Amino acid sequence: MQIQNIETFQTAIPLHTPFKTALRTVTIAESIVVKITCEGGVTGFGEAPPTHVITGDSLASVDFAINRVFKPLLLGMDIDAREQIFEKLHGSMVGNPSAKAAVDIALYDCIANAASTPLVSFLGGYRKEIETDYTVSVNTPQEMAADARKYIDNGFNVLKIKVGKDQIEQDVKRIQAIRKEIGDDTLIRLDANQGWKAKEAVKAIRQMESLGLDIELIEQPVNAYDIEGLKYVTDNTETPIMADESVFSPLDAKRILENKAADLINIKLMKAGGIHQALKIAALAQAYGVECMVGSMIETKLGITAAAHFAASQPNVTRYDFDAPLMLTDDLIQGGVTYEGKLIRLGTAAGLGIKKINKQYIINQQ
């Protein structure tokens with residue numbers, strides 16, 4: 001079944017509340033959407049948000065990579081020879097992981113649609129529903145405590161708290177305020193987004209441990225390239241440490257696992273370049289007995305649907321960070337996963353189950 005056409009659409013949907021981390025503030029979810037059409041009318045969709053400060057991808061670079069590099073290479077290829085396709089896709093450019101991810105996702109959607117099976121079943125079918133956390137953006141301790149209370153009242157049992165923006169003592173105050181507001185029954189995980197130095201991270205984490213703040217895990221406390229620092233934090237604290245920005249590729253994962261630099265790994269399709277490489281990272285982690293979380297950038301329900309199908313298919317993916325669509329004022333797509341509060345149901349439709357793109361959010365098309 002040959003690839004006949006590859007199209008791109010630039011889209012934008014406002015967030016109802018600004019999303020704030022140590023690295024950036026986001027008010028609009030922008031992305032490049034890919035549609036691949038194969039023989040017999042089989043189609044597949046993918047998405048790539050521009051996350052300059054993490055992946056280096058921009059709207060312009062994603063669009064160029066897809067239309068000027070990937071499209072000429074892939075047109076006419078047979079999706080039954082998917083290993084050839086993914087070899088060509090990933091070997092065609094250095095970097096550009098989100099652009100690769102968008103095309104990769106659309107290809108997997110085509111493949112599963114052609115097989116008339118949900119993508120989660122095609123990839124392994126381990127689970128049919130999963131539970132997402134909800135992210136508390138970095139603000140003052142009082143604002144964050146109020147936000148945490150609101151999300152708990154809305155039925156969420158796991159909160160992901162953004163820290164790492166300013167003085168580390170302020171981060172401790174943030175977590176104290178949140179824990180005081182919501183009590184001890186809610187699971188709290190922290191994400192420093194590379195905002196701490198190794199020694200100050202150890203000092204702060206030990207302080208939080210001594211205060212009994214009961215943190216489930218701490219994600220990427222130090223700079224992505226500081227593997228020694230990451231290992232130092234892991235070795236000198238009791239709280240589990242998760243690598244995120246330190247792991248883009250299977251080789252990155254191998255380095256973290258061999259050096260025992262982190263206790264857990266956060267896989268994101270936009271870092272890995274899509275499902276094909278994400279499967280390799282998950283398999284490596286499983287071989288080392290390491291559990292994974294699957295997270296996302298600020299993506300619409302299109303990208304999150306793909307990430308959820310991948311995450312639910314793998315036995316060692318035990319944590320899920322898929323709240324981004326809940327932050328948007330509307331859905332980009334009709335179909336895909338369904339949210340029932342904290343629960344995400346994958347459904348039984350073939351592929352990703354995407355029915356159509358809501359055209360009012362399309363800015364331009366190629």
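All values below were derived from every heavy atom in this structure, side-chain atoms included, with hydrogens, water molecules and symmetry-related copies excluded. No experiment lies behind these values; they were computed from the predicted model shown.
- Two rings, from Phe45 and Phe9, have their centers 6.0 Å or more apart.
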Exercise for the section: Start with the C-alpha gap between Ile32 and Leu59, add the side-chain angles, then the distance that decides, and say whether side-chain contact (heavy atoms from CB on, under 4.5 Å) holds. Expected result: CA-CA 7 Å; Ile32 298 292; Leu59 288 170; 3.9 Å; yes
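- At distances below 3.5 Å, at least one donor-acceptor pair connects side-chain atoms of Lys100 with backbone N or O atoms of Met93.
- The shortest side-chain heavy-atom distance between Asp263 and Thr234 falls under the 4.5 Å cut-off.
- For CD of Glu238, the number of neighbouring non-hydrogen atoms (other residues, nucleotides, ligands) closer than 6.0 Å is 12 at most.
- Cluster membership for Leu187 and Phe156, using ILVMFWY side-chain heavy atoms within less than 4.5 angstrom, is not shared.
- Residues Asp331 and Tyr361 are not in side-chain contact: their nearest non-hydrogen atoms beyond the backbone lie 4.5 Å or more apart.
- When atom types are taken as modelled, the side chain of Asp104 and the backbone of Ile275 share a donor-acceptor pair closer than 3.5 angstrom.
- With rounding to the nearest 0.5 angstrom, the CG atom of Leu279 is 5.0 Å from the OH atom of Tyr108.
- Ile28 contributes atom CD1, which lies 9.5 Å from atom OG1 of Thr329 (distance to the nearest 0.5 angstrom).
- The shortest side-chain heavy-atom distance between Val33 and Ile333 does not fall under the 4.5 Å cut-off.
- Following chains of ILVMFWY side-chain contacts shorter than 4.5 Å, one cannot reach Val158 starting from Ile218, and the two form parts of different hydrophobic clusters.
- In this structure, CD1 on Ile54 lies 6.5 Å from OG1 on Thr21, to the nearest 0.5 angstrom.
- For Glu209, the CD atom sits in a packed shell: over 12 heavy atoms of surrounding residues, nucleotides or ligands are nearer than 6.0 Å.
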Handout entry: Verdict with supporting geometry, Leu119 and Asp109, side-chain contact (heavy atoms from CB on, under 4.5 Å)
Key = CA-CA 7 Å; Leu119 182 57; Asp109 193 19; 5.9 Å; no
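- Atoms CG and CD, from Leu264 and Glu216 in turn, are 8.0 Å apart once rounded to the nearest 0.5 Å.
- Environment of NZ in Lys180: sparse, with no more than 12 heavy atoms of neighbouring residues, nucleotides or ligands closer than 6.0 Å.
- Counted by atom type alone, Gln176 and Lys173 present zero donor-acceptor pairs between their side chains at under 3.5 Å.
- Going from atom CD1 of Ile281 over to atom OG of Ser249 covers 6.5 Å, rounded to the nearest 0.5 Å.
- Using modelled atom types, one side-chain atom of Arg206 and one backbone atom of Asn236 make a donor-acceptor pair closer than 3.5 Å.
- With hydrogens and angles disregarded, a donor-acceptor distance shorter than 3.5 Å links the side chain of Asp191 to the backbone of Asn193.
- Judged by distance alone, the side chain of Asn358 and the main-chain N or O of Gln360 form no donor-acceptor pair under 3.5 Å.
- Between Cys292 and Gln286, the closest side-chain pair of non-hydrogen atoms is not below 4.5 Å.
- In summary, of the residues considered (Leu159, Leu217, Thr135), a side-chain contact (heavy atoms from CB on, under 4.5 Å) with Arg189 occurs for Leu217 alone.
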Handout entry: Chi angles and distances behind the side-chain contact (heavy atoms from CB on, under 4.5 Å) call for Asp147, Ser137
Key = CA-CA 8 Å; Asp147 287 342; Ser137 288; 5.6 Å; no
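- The shortest distance between side-chain heavy atoms of Lys271 and Pro97 does not fall below 4.5 Å.
- At least one side-chain heavy atom of Tyr232 sits less than 4.5 Å from a side-chain heavy atom of Lys199.
- Within a 6.0 Å radius of OH in Tyr339, more than 12 heavy atoms belonging to other residues, nucleotides or ligands are found.
- Counting non-hydrogen atoms of neighbouring residues, nucleotides and ligands closer than 6.0 angstrom, the CD atom of Glu228 reaches no more than 12 such neighbours.
- Atom OH of Tyr288 has more than 12 heavy atoms from other residues, nucleotides or ligands within 6.0 Å.
- Remark: the backbone N or O of Asp244 is paired with a side-chain donor or acceptor of Gln220 at under 3.5 angstrom.
- Other residues, nucleotides and ligands place more than 12 heavy atoms under 6.0 Å from the CG atom of Asp153.
- Side-chain contact between Met270 and Ile105 is present, with heavy atoms from C-beta onward closer than 4.5 Å.
- Checking side-chain atoms of Asn316 against main-chain N and O of Ala282 turns up a donor-acceptor pair under 3.5 Å.
- Between Tyr134 and Tyr151, the ring planes are tilted. Angles from 30° to 60° get that label.
- Side-chain atoms of Arg174 come within 3.5 Å of backbone N or O of Asn139 as a donor-acceptor pair.
- Remark: Ile36 CD1 to Ile6 CD1 distance equals 4.5 Å, nearest 0.5 Å.
- Between the side chains of Thr338 and Lys301, no donor-acceptor pair is found at a separation under 3.5 Å.
- Judged by distance alone, with hydrogens and angles left aside, the side-chain atoms of Tyr320 form a donor-acceptor pair with the main-chain N or O of Val317 at under 3.5 Å.
- For the pair Ile256 and Leu230, the minimum side-chain heavy-atom distance is below 4.5 Å.
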Practice task
Assess whether side-chain contact (heavy atoms from CB on, under 4.5 Å) is satisfied between Ile241 and Ile205, documenting all intermediate values.
Solution key: CA-CA 10 Å; Ile241 304 299; Ile205 295 167; 4.1 Å; yes
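- Other residues, nucleotides and ligands contribute at most 12 non-hydrogen atoms within 6.0 Å of the CD atom of Glu87.
- Of the possible donor and acceptor atoms, one in the side chain of Thr305 sits under 3.5 Å from a partner among the backbone N and O of Val337.
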